[in-house]
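The structure under discussion appears below in the form of structure tokens.
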Number of protein chains: 2
Amino acid sequence: MLTSERKAFILDRLRRDGRIVAKTVAEALGLSEDTLRRDLRELAAEGLLLRVHGGALPASPAIAALPARWSVSPQSKMAVAAVAARMVQPGQVIILDGGTTSVQMARLLPRDLAATVVTHSPSIAVELAGHERITVEMIGGRLFRHSMVAMGTVAVEMIAGIRADLFFLGVTGVHPDYGVTTGDAEEAAIKRALARQAAETVVLASAEKLGAVSPFRVLPLTEIDSLVVEADTAPALLAPYRDRGITIIQAEG
Amino acid sequence: MLTSERKAFILDRLRRDGRIVAKTVAEALGLSEDTLRRDLRELAAEGLLLRVHGGALPASPAIAALPARWSVSPQSKMAVAAVAARMVQPGQVIILDGGTTSVQMARLLPRDLAATVVTHSPSIAVELAGHERITVEMIGGRLFRHSMVAMGTVAVEMIAGIRADLFFLGVTGVHPDYGVTTGDAEEAAIKRALARQAAETVVLASAEKLGAVSPFRVLPLTEIDSLVVEADTAPALLAPYRDRGITIIQAEG
DNA sequence: CTTGACTCTGCACGTTTATGCACGTTTTGT
DNA sequence: ACAAAACGTGCATAAACGTGCAGAGTCAAG
């Protein structure tokens, strides 16, 4: 049995039973408890479950719903998300876009932050359930499965009635000439609509996105105010954005 | 039972009963009172409950962590959810209410079912991410933390534009005279609004809800079409509903 | 085919955590 | 004031844990 198969099995079992007992599952799979514990530790590190003494419990379902893409570069996204989370001031109204980085960011918002979060991503809404002092405004509409966000006319209408201080935008490409881009036209339009309603737009740019271009443009760079990047991003990669007057916010090493 | 599960159980019980008697719970869980007292002490240290002589009381009126309720006993509500999930026909438009039973039901919908699900619960939306052939319509609005559903005027407006075949309603009380009830007035209103838009209303009634009454009425029994209950529900408990012409759907043992 | 780098797994070890019992103290109710 | 219940603490035991290490397997370069 492959390691990844095993991990899938663990997650599946966790969903079915609502819990994992390390010893039991190790027996069921004919493996040593050591290996299983290792798996649990790794899955927990990816945020896919909650490690507890004796086994594991479900993490928030929000994260589990976006499993595949997590493998990309968790630590990079985590660092970017952490910095972005610290940018939010008490009392502000912020818009959170969909995507794994944003979900992570929601999770990393200070526990006692009093603010309003507008989002079209149910994953983020679920993630914020634990933040007692955050008011969550959910934008409705038809759910776009790929990125788990509400879209369509209904969503756009609802967005039009909002004014926010900050918009944290997640994209798949950030390029000096082509601006920020994403893989779906409708999604690009929604992101654009969200950006229009915020005083400031902040792009969450984990490592692999810099210099990348996707089919549909969300915004030109002129519409971007800040760019959050990792600590070890090459200065040369950042220069073009800085030259265009975009504030670069870098996670410290 | 895992330690953290046990703590979740304690908090759940505390929320349900409004208090914890150390001795009683220790017996119920088959543990020494020492262990239980230790748990109570620790939970109190975390500020999750108020330790008093003989047991514990809620720390603040509204410590309601929905995720905690999950780990407690997924099995009990599972049966009701499973039966309800099988009621959905291909091509139908259904409305799913919030609550743990509904989330479980969403999860148990057939993998290959092609249907449309309307919901005001982000948890359910997230849960349905894996169901490729289900179209999810998310209802927006301000998130009501306790039960993780969108509420408010925006939600009501959006609901008004929907027509569905079935509405699966989750409540906290089902009573022959008082009808179906829940703990929050606004929530009751939203549920009522949802019921108005569906041709048929189905109540998900796990065991402990039958005969219970909560402060706010959602609907009188005359507005209810079906009632889904567990396999081992006493026939005497069901008779009043059957007499009123409500279809009883019982999970098989 | 061989070698070396790498990954995965299980084992051994010392450490941490959870639990129940014993005992003395505090609180409660009468 | 007194007895009973509830409590906290210290302690012993067992389970769960993390780490370092070694053997087996995989893969690519030589």
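Every chain is numbered from 1, with letters handed out A, B, ... down the list of sequences.
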**Request:** Write down the atom of A/Tyr241, the atom of A/Val174, and the distance for their closest heavy-atom approach.
**Result:** OH-O, 3.1 Å

**Prompt:** What's the CD-P distance between B/Glu33 and C/dT19, to the nearest Å?
**Reply:** 15 Å

**Complete:** To the nearest angstrom, the NE2-P distance between A/His53 and D/dA15 comes to 11 Å

**Message:** Using OP1 and OP2 only, check whether a side-chain N or O of B/Arg6 sits under 4.0 Å from C/dT19.
**Reply:** yes

**Message:** Whole angstroms only, please: what is the CD-P distance between A/Glu27 and C/dG10?
**Reply:** 14 Å

**More than 12 heavy atoms from other groups under 6.0 Å of CZ on B/Arg142** = no

**Prompt:** Nearest to the side chain of A/Thr35 - D/dA6, D/dC7, C/dT9?
**Reply:** C/dT9

**Message:** Can you measure B/Glu42 atom CD to D/dG8 atom P for me and round it to whole angstrom units?
**Reply:** 12 Å

**Asked** Are OP1 or OP2 of C/dT9 and a side-chain N or O of A/Thr3 less than 4.0 angstrom apart?
**Response** yes

**Message:** Side chain of A/Asp34, heavy atoms from C-beta onward: which of C/dC11, C/dG20, D/dA6 has the nearest atom to it?
**Reply:** C/dC11

**Protein-nucleotide distance (A/Leu36, atom CG; D/dG18, atom P), rounded to Å** = 12 Å

**Request:** Could you check whether A/Val52 gets within reach of a base, just the sugar-phosphate, or nothing at all, counting any heavy atom under 4.0 Å?
**Result:** sugar-phosphate

**Request:** Measure from CZ on A/Arg41 to C1' on C/dC8 and round the result to the nearest Å.
**Result:** 14 Å

**Item:** Any donor-acceptor N/O pair, A/Arg145 side chain to B/Leu128 backbone, under 3.5 Å
**Value:** yes

**Which nucleotide in C/dT9, D/dC7, C/dT19 has an atom nearest any side-chain atom of A/Arg38** = C/dT9

**Message:** Give me the atom names and distance for the closest heavy-atom approach of A/Gln92 to A/Ala115.
**Reply:** O-CB, 3.4 Å

**Request:** Test side-chain contact (heavy atoms from CB on, under 4.5 Å) on A/Leu113 and A/His131 and set out the steps.
**Result:** CA-CA 8 Å; A/Leu113 176 72; A/His131 291 70; 5.9 Å; no

**Asked** Which whole-number value in Å describes the distance from A/Arg37 CZ to C/dC8 C1'?
**Response** 16 Å

**Request:** Could you check how far CG of B/Leu29 sits from P of C/dT19, rounded to whole Å?
**Result:** 11 Å

